[in-house]
A.B. asks: 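One structure is given below, represented as structure tokens, and several questions about it will come after.
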Number of protein chains: 2
Amino acid sequence: MNLKQLSHQLGLSQTTVSRALNNYPEVNAATRERVKQAAKEFNYRPNARATGLATGRAGAIGHVIPVNSSEVLNPIFTEFIAGASQTYSTQGYELILSLAPEGSEDAVYRQLAARKSVDGIIVHGPRVNDHRIPLLQGLGLPFVLHGRDTTNSTEYAWIDINNRRAFFQATKLLADLGHKRIALINGDVAQTFTARRRSGYLDALQQTGLRADESLMFHSDLTEANGYQAASELLASEDPPTAFLVSSYMSALGVRHAIHNARLSLGPDVSVIIHDDDLSYGHNSGDIPQFTATRSSVKDAGILAAEMLLSIIDNPDAPLPTKLLEANLIIGASTGPRKQH
Amino acid sequence: MNLKQLSHQLGLSQTTVSRALNNYPEVNAATRERVKQAAKEFNYRPNARATGLATGRAGAIGHVIPVNSSEVLNPIFTEFIAGASQTYSTQGYELILSLAPEGSEDAVYRQLAARKSVDGIIVHGPRVNDHRIPLLQGLGLPFVLHGRDTTNSTEYAWIDINNRRAFFQATKLLADLGHKRIALINGDVAQTFTARRRSGYLDALQQTGLRADESLMFHSDLTEANGYQAASELLASEDPPTAFLVSSYMSALGVRHAIHNARLSLGPDVSVIIHDDDLSYGHNSGDIPQFTATRSSVKDAGILAAEMLLSIIDNPDAPLPTKLLEANLIIGASTGPRKQH
DNA sequence: GTTGAGTTTGAAAGCGCTTTGAATGCACAG
DNA sequence: CTGTGCATTCAAAGCGCTTTCAAACTCAAC
């Protein structure tokens, strides 16, 4: 059933039917009702391609997921997209997903822009001095960055969590608990959040008079295996840390494993604070969650990012929105005062 | 730059330019070259909406991800989609992603069909007696199921791993190692793979003369927390299992945790075999992987599923393809003979 | 009875492509 | 020179919508 057939059914022109369905004011209320009724009855939906062509809007948002060199797909993308998708479906947008090898997203962006496949883009996994920002600015395609660039000083829309503050507070808490040697199991150095978290950690160390020790800081993809390996090495060292700050739930499972392997117990012997993206399958909740955490729902970030992007599209002349979300510090079972010997 | 402008530039008609770019034979070779050159120079790409409207094909595939009642998003979707996406990008298709609350995907499918947004659909997470199959058959939308229904006997395209055989073999291996009490940490009962895995497990028990014990079988979402809880309970019971068969890497991390908490060691004391989807962030590789596993790359399944779907679209009258992938049994460090007391 | 404003509807153009059917030009046979 | 076949090109229609502009109708005011 298309518009022509539907309007024929109703004995009306395509114009009127179209207007009725799109809530234009100049349609008689009774007519509109009749049209909407019929549309429902025949399960009529405007052809997406035709609408897009006629309006010049794609009715779709592009999400381009970077696949990094080690082929690790960050599972938080799924969760973020789940949030964004929620926004799109209420607003009648579709979500176009594209995976691109990290560093060669250009072709994908250019393609989406040239083919007019999307009205805007969510940029995932920003990297230090990310060339995607100037590229998209050049293409004139609205976008929202999930995260921030560290160096780019131009105006662009972003949503991020306050990584610095979260890691500052977490580090401070560990220091206040008496921990002197606090390890940082962080993400890939190319990711901008990594630098911010590190900087929050370093500031807190300095403020509490602790010495920063590069040998306590690890940077790699946030996998369980990497968390395990880093923590194992550290715990086997001469002067092992008594606390860990871990950038993801996934890595923390590896850290926990290493702690147990070293015949230590999580909490009493070794404190751990994780950053918790509140992933649906990574339960760290309950009255006393397993891990003390700085928590911020990445799904909510997805919802908000999508809303921001749609608002930019609807309102291209408004100033570009930015949003900084604070993480909540949640006290769980994995932290405690440093054991005195 | 659109077709009109490009053809004007070239002093040719839109017809000829279109044909040249789409490799129609009736274009002079020299002209074609000139056109392609110009298209590249001006970065011309046909407008996706217009092409779609003119050809009647959407140039897009829909992936509808079910979000279950506990809101757990299965992380393997990401990997599967990463695979599928690879296929699409080489074939010029786009991927439209949609999340839908489990059980109410109907509206999403109907919408995609009515709006002609996609040429086909990948059905994720098939459930027992899945009503999506007849629905899509009714809508006339080509689809490929990732998995199989257990009951539906009509013809449909699917790709699946041989869950029965994988779990049969894994169970058999554990039995051969002398284990008498083998626990099964399985997925949500509504998922069809759960039943198949269970049936492989039960068959192997029977064949090896072991008694099936319902109290050793757990069914729930494949999260770390669920794995931990199930294994903890089992290990604390009067007659605890000496081996575990675990449906996912994620659950296995919980099981491992429970084993360590019980002051047992993985491998020597308690054997564990997992099903390993070969997720990029769930490393279980190396010479001797941590876990003995039945392994099958879900990313490869995504690649193949997409290829199958595109072939159905290109060739609607051919018989519907199906594909059964075998999992590889990988011996890792988590299995060993049952300890004699 | 005419006018003008306001309400409601419709014809037709246009979005950017593909594709049909026709036209053009040219080589070559008769 | 005419006719035929082939290679190459083009004008125009059409895909299914939205939107402009014009038309028709109603009704109150003069």
Side-chain angles (χ1 to χ4, degrees), chain A residues 1-36 38-39 42-60 92-94 111-119 314, chain B residues 1-36 38-39 42-60 92-94 111-119 314:
Chain A
M1 172 71 64
N2 61 23
L3 183 60
K4 193 172 181 179
Q5 297 167 324
L6 180 63
S7 52
H8 209 252
Q9 275 285 335
L10 286 159
L12 288 167
S13 71
Q14 298 188 32
T15 312
T16 304
V17 174
S18 170
R19 286 207 269 240
L21 293 174
N22 291 315
N23 294 315
Y24 278 64
E26 64 266 47
V27 176
N28 183 292
T31 310
R32 182 193 311 287
E33 212 33 63
R34 198 160 65 93
V35 170
K36 289 206 166 176
F42 296 111
N43 190 36
Y44 167 78
R45 311 288 169 83
N47 181 304
R49 309 272 137 181
T51 310
L53 186 55
T55 59
R57 289 177 294 103
Y93 276 81
E94 275 156 4
Q111 163 120 331
L112 290 173
R115 302 190 62 195
K116 302 240 188 306
S117 294
V118 298
D119 297 319
D314 288 345
Chain B
M1 173 71 62
N2 61 25
L3 183 60
K4 193 173 182 178
Q5 296 168 323
L6 180 63
S7 52
H8 209 253
Q9 275 284 335
L10 287 159
L12 288 168
S13 71
Q14 298 188 31
T15 311
T16 304
V17 175
S18 169
R19 283 194 182 131
L21 293 174
N22 291 313
N23 293 315
Y24 278 64
E26 63 265 48
V27 176
N28 183 295
T31 311
R32 183 194 311 287
E33 212 34 62
R34 198 161 64 91
V35 170
K36 290 205 169 179
F42 296 111
N43 191 35
Y44 168 78
R45 310 288 169 83
N47 180 304
R49 310 273 138 181
T51 310
L53 186 55
T55 59
R57 289 176 294 102
Y93 277 81
E94 275 157 3
Q111 164 120 333
L112 290 172
R115 302 191 61 194
K116 301 238 188 308
S117 295
V118 297
D119 297 319
D314 287 345

A.B. asks: Test your reading of the model: is there a side-chain donor-acceptor pair from B:R32 to the backbone of B:A20, 3.5 Å cut-off?
C.D. replies: yes
A.B. asks: Could you tell me whether a side-chain N or O of B:T16 sits under 3.5 Å from a main-chain N or O of B:L12, the two making a donor and an acceptor?
C.D. replies: no
A.B. asks: Taking 5' to 3' order, which nucleotide of DNA chain C is first and which is last to have an atom within less than 4.0 Å of a heavy atom in chain A?
C.D. replies: C:dT8 to C:dG16
A.B. asks: Quick one: label A:R49 by what it contacts on the DNA or RNA (base, sugar-phosphate, nothing), any heavy atom closer than 4.0 Å.
C.D. replies: nothing
A.B. asks: Please answer whether the main-chain N or O of A:V27 pairs with a side-chain N or O of A:T31 as donor and acceptor at a distance below 3.5 Å.
C.D. replies: no
A.B. asks: May I ask you to verify if any side-chain N or O of B:N28 is less than 4.0 angstrom from the OP1 or OP2 atom of D:dA7?
C.D. replies: no
A.B. asks: Any side-chain to backbone donor/acceptor pair from A:Q5 onto A:N2? Under 3.5 Å, distance only.
C.D. replies: yes
A.B. asks: Check every strand shown and say whether A:T15 touches a base, only sugar-phosphate, or nothing at a heavy-atom separation below 4.0 Å.
C.D. replies: base
A.B. asks: Starting at CG of A:L3 and ending at C1' of D:dT19, how long is that distance when rounded to a whole Å?
C.D. replies: 13 Å
A.B. asks: Taking five pairs at each end of the helix from C:dG1-D:dC30 to C:dG30-D:dC1, what angle separates the two helix axes (nearest 10°)?
C.D. replies: 80°
A.B. asks: Report yes if at least one side-chain N or O of B:Y24 is closer than 4.0 Å to OP1 or OP2 of D:dT8; otherwise report no.
C.D. replies: no
A.B. asks: B:A54 or B:V27: which one's nearest nucleotide on DNA chain D is closer to the 5' end?
C.D. replies: B:V27
A.B. asks: Return yes if some donor-acceptor pair links the side-chain N/O of B:S18 with the main-chain N/O of B:Q14 below 3.5 Å, else return no.
C.D. replies: no
A.B. asks: Salt bridge (charged side-chain N to carboxylate O under 4.0 Å, His left out): which pairs involve residues 21-30 of chain B, sequence neighbours left out?
C.D. replies: B:R19-B:E26
A.B. asks: Could you give me the CA-CA distance, side-chain angles and deciding distance for A:R45 and A:N43, then say whether side chain to side chain contact (heavy atoms under 4.5 Å, CB included) is met?
C.D. replies: CA-CA 6 Å; A:R45 311 288 169 83; A:N43 190 36; 3.0 Å; yes
A.B. asks: Looking at A:Y44 and A:L3, what are the two nearest heavy atoms and their distance?
C.D. replies: CE1-N, 3.5 Å
A.B. asks: Could you state the atom-to-atom distance from CZ of B:R32 to P of D:dA7 in whole Å?
C.D. replies: 14 Å
A.B. asks: Measure from CG on B:L53 to C1' on D:dT18 and round the result to the nearest Å.
C.D. replies: 12 Å
A.B. asks: Can you check the B:N23 CG to D:dT8 C1' distance for me, whole Å?
C.D. replies: 17 Å
A.B. asks: Would you mind telling me which residue lines up with the more 5' stretch of DNA chain D, B:G11 or A:N2, judged by nearest nucleotide?
C.D. replies: B:G11
A.B. asks: Is there a side-chain contact between A:T55 and the phosphate of D:dT19, meaning an N or O under 4.0 Å from OP1 or OP2?
C.D. replies: no
A.B. asks: Between atom CZ in A:R19 and atom C1' in D:dC21, what is the gap in whole Å?
C.D. replies: 10 Å
A.B. asks: Nearest whole Å is fine: how far is D:dA13 C1' from B:Q14 CD?
C.D. replies: 13 Å
A.B. asks: Would you say CZ of B:R57 has more than 12 non-hydrogen atoms from neighbouring residues, nucleotides or ligands within 6.0 angstrom?
C.D. replies: no
